[in-house]
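Heads up: the structure comes next, in structure tokens.
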Amino acid sequence: MKNNKAKMVSVTIDGNTFKVPEGITVLEAARMNGIKIPTLCFLKGVNEIGACRICVVEVEGGRGLQASCVYPVEDGMSVNTNSKLVRESRKVTMELILSNHDRECLSCVRNRNCELQLLAEELNVDQIRFDGAKLDTPLDEMSPAVVRNQNKCILCRRCVHMCRNVQRVGVIDTVDRGFETTVSS
């Protein structure tokens with residue numbers, strides 16, 4: 001009979017050492033031990049691509065900041081989830097995400113029930129230092145089922161991966177590059 005038990009490795013997260021299954025991500029290891037790491041694009045089993053960079057952690061040993069949702073644990077590794085560098089990186093990333101966002105939260109149907117809004121509050125983002133060009137796209141009401149507002153899109157790609165990997169339709173994807181990137185059919 002084959003032993004299905006995963007090999008365990010020792011990982012230190014925020015000064016506490018844990019035994020976790022080899023091959024899981026830093027995010028999974030943290031979550032299974034009650035340590036919160038914020039995410040935006042991550043959706044277990046659907047979207048695990050490290051696109052938003054909100055889940056960065058500091059991996060000691062010269063590895064710097066890594067996206068915890070895609071970075072695998074290694075035996076003996078040490079990770080900081082809340083260092084000054086991590087907090088500053090998350091805050092700047094959130095500001096950059098919001099710099100090209102609609103930001104009309106008070107009139108939005110998701111007001112006070114929005115991951116982006118709650119995370120911005122958690123990260124103490126109350127001003128955007130990067131105010132520059134913004135995409136201004138008309139509302140897409142072509143579908144009777146879905147109204148799409150690209151001005152609220154944060155390019156997390158959850159919808160793309162849900163459409164492709166869960167619904168098995170694959171009619172939307174990201175198009176263009178850089179500042180011009182949008183989700184389109």
Side-chain angles (χ1 to χ4, degrees), residues 6 9-14 16 18 20-101 114-125 128-130 135 150 152-170 172-184:
V9 295
S10 181
V11 177
T12 302
I13 305 174
D14 295 336
N16 298 304
F18 305 100
V20 299
E22 182 178 53
I24 67 170
T25 65
V26 171
L27 179 63
E28 291 172 304
R31 284 184 173 178
M32 70 175 36
N33 288 289
I35 298 168
K36 184 177 188 266
I37 297 175
T39 63
L40 278 176
C41 69
F42 179 80
L43 197 54
K44 180 73 178 153
V46 177
N47 196 41
E48 302 174 41
I49 60 172
C52 73
R53 312 308 283 180
I54 289 292
C55 72
V56 295
V57 294
E58 188 174 7
V59 180
E60 292 181 9
R63 297 184 202 165
L65 296 177
Q66 300 293 332
S68 66
C69 69
V70 294
Y71 200 81
V73 296
E74 294 175 10
D75 192 42
M77 81 183 319
S78 184
V79 175
N80 294 306
T81 68
N82 200 27
S83 67
K84 184 177 180 190
L85 180 63
V86 167
R87 289 190 312 274
E88 287 174 359
S89 175
R90 287 180 186 155
K91 187 171 183 170
V92 166
T93 298
M94 178 59 74
E95 288 181 59
L96 288 168
I97 289 170
L98 291 173
S99 72
N100 191 35
H101 185 69
C114 169
E115 287 178 73
L116 186 65
Q117 186 182 39
L118 294 174
L119 187 55
E121 286 177 8
E122 187 179 305
L123 296 172
N124 296 314
V125 175
I128 311 301
R129 292 176 285 178
F130 311 106
L135 292 179
Q150 290 284 359
K152 292 182 180 180
C153 179
I154 61 167
L155 298 172
C156 68
R157 294 164 178 79
R158 280 183 181 180
C159 61
V160 172
H161 290 269
M162 185 64 77
C163 182
R164 181 183 310 134
N165 302 332
V166 175
Q167 295 176 328
R168 302 266 186 235
V169 180
I172 60 174
D173 207 341
T174 52
V175 295
D176 294 327
R177 295 178 59 107
F179 185 71
E180 301 297 321
T181 303
T182 58
V183 175
S184 186

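Below, each value reflects all heavy atoms present in this structure, side chains not excepted, and no hydrogens, waters or symmetry copies.
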Worksheet entry | Side-chain touch Ile154/Leu40, heavy atoms, less than 4.5 angstrom | yes
Practice prompt. Answer yes or no: is there an ion pair linking Arg90 with Glu95, defined by an N-O contact shorter than 4.0 Å?
Written response: no
Discussion item. With heavy-atom distances below 4.5 Å as the criterion, would you say the side chains of Leu98 and Leu116 are in contact?
Written reply: yes
Practice prompt. Verify side-chain contact (heavy atoms from CB on, under 4.5 Å) between Arg63 and Tyr71, making sure each step is shown before the conclusion.
Written response: CA-CA 11 Å; Arg63 297 184 202 165; Tyr71 200 81; 3.0 Å; yes
Fill in: Pairwise distance CG(Asn16) to CD1(Ile35) - rounded to 0.5 angstrom
6.0 Å
Would you be so kind as to tabulate the donor-acceptor pairs closer than 3.5 Å made by side chains of residues 55-62, with sequence neighbours excluded?
unit_1 : atom_1 : unit_2 : atom_2 : d
Glu58  : OE1    : Ser83  : OG     : 2.7
Glu60  : OE1    : Ser78  : OG     : 3.3
Glu60  : OE2    : Asn80  : ND2    : 3.0

Worksheet item: So among Thr81, Leu65, Ile37, which one has a side chain to side chain contact (heavy atoms under 4.5 Å, CB included) with Val86?
Response: Leu65
Practice prompt. Could you walk me through whether Val9 and Val20 pass the side-chain contact (heavy atoms from CB on, under 4.5 Å) test, one step at a time?
Written response: CA-CA 5 Å; Val9 295; Val20 299; 3.9 Å; yes
Between side-chain atoms of residues 44-52 and protein atoms elsewhere (two or more places apart, or another chain), which donor-acceptor pairs fall under 3.5 Å?
unit_1 : atom_1 : unit_2 : atom_2 : d
Lys44  : NZ     : Glu28  : OE2    : 2.6
Asn47  : OD1    : His161 : NE2    : 3.3
Asn47  : ND2    : Cys41  : O      : 2.7
Asn47  : ND2    : Cys156 : O      : 2.9
Glu48  : OE2    : Gly45  : N      : 2.5

Discussion item. Quick one, Val183 and Cys159 - any side-chain contact, counting heavy atoms below 4.5 Å?
Written reply: yes
Fill in: Electrostatic pair Lys91-Glu122, nearest N-O below 4.0 angstrom
no
Worksheet item: Would you call Asp173 and Arg157 a salt bridge, using N to O less than 4.0 angstrom?
Response: no
Worksheet item: Does any non-hydrogen side-chain atom of Thr12 lie less than 4.5 Å from one of Val79?
Response: no
Worksheet item: Does any donor atom in the side chain of Ser10 or Asp75 lie under 3.5 Å from an acceptor atom in the other side chain?
Response: no
Item to complete: State, yes or no, whether a side-chain contact exists between Asn82 and Arg87 at a heavy-atom distance under 4.5 Å.
Response: yes
Fill in: Validation row: Cys114, Leu118 side chains within 4.5 angstrom (heavy atoms)
no
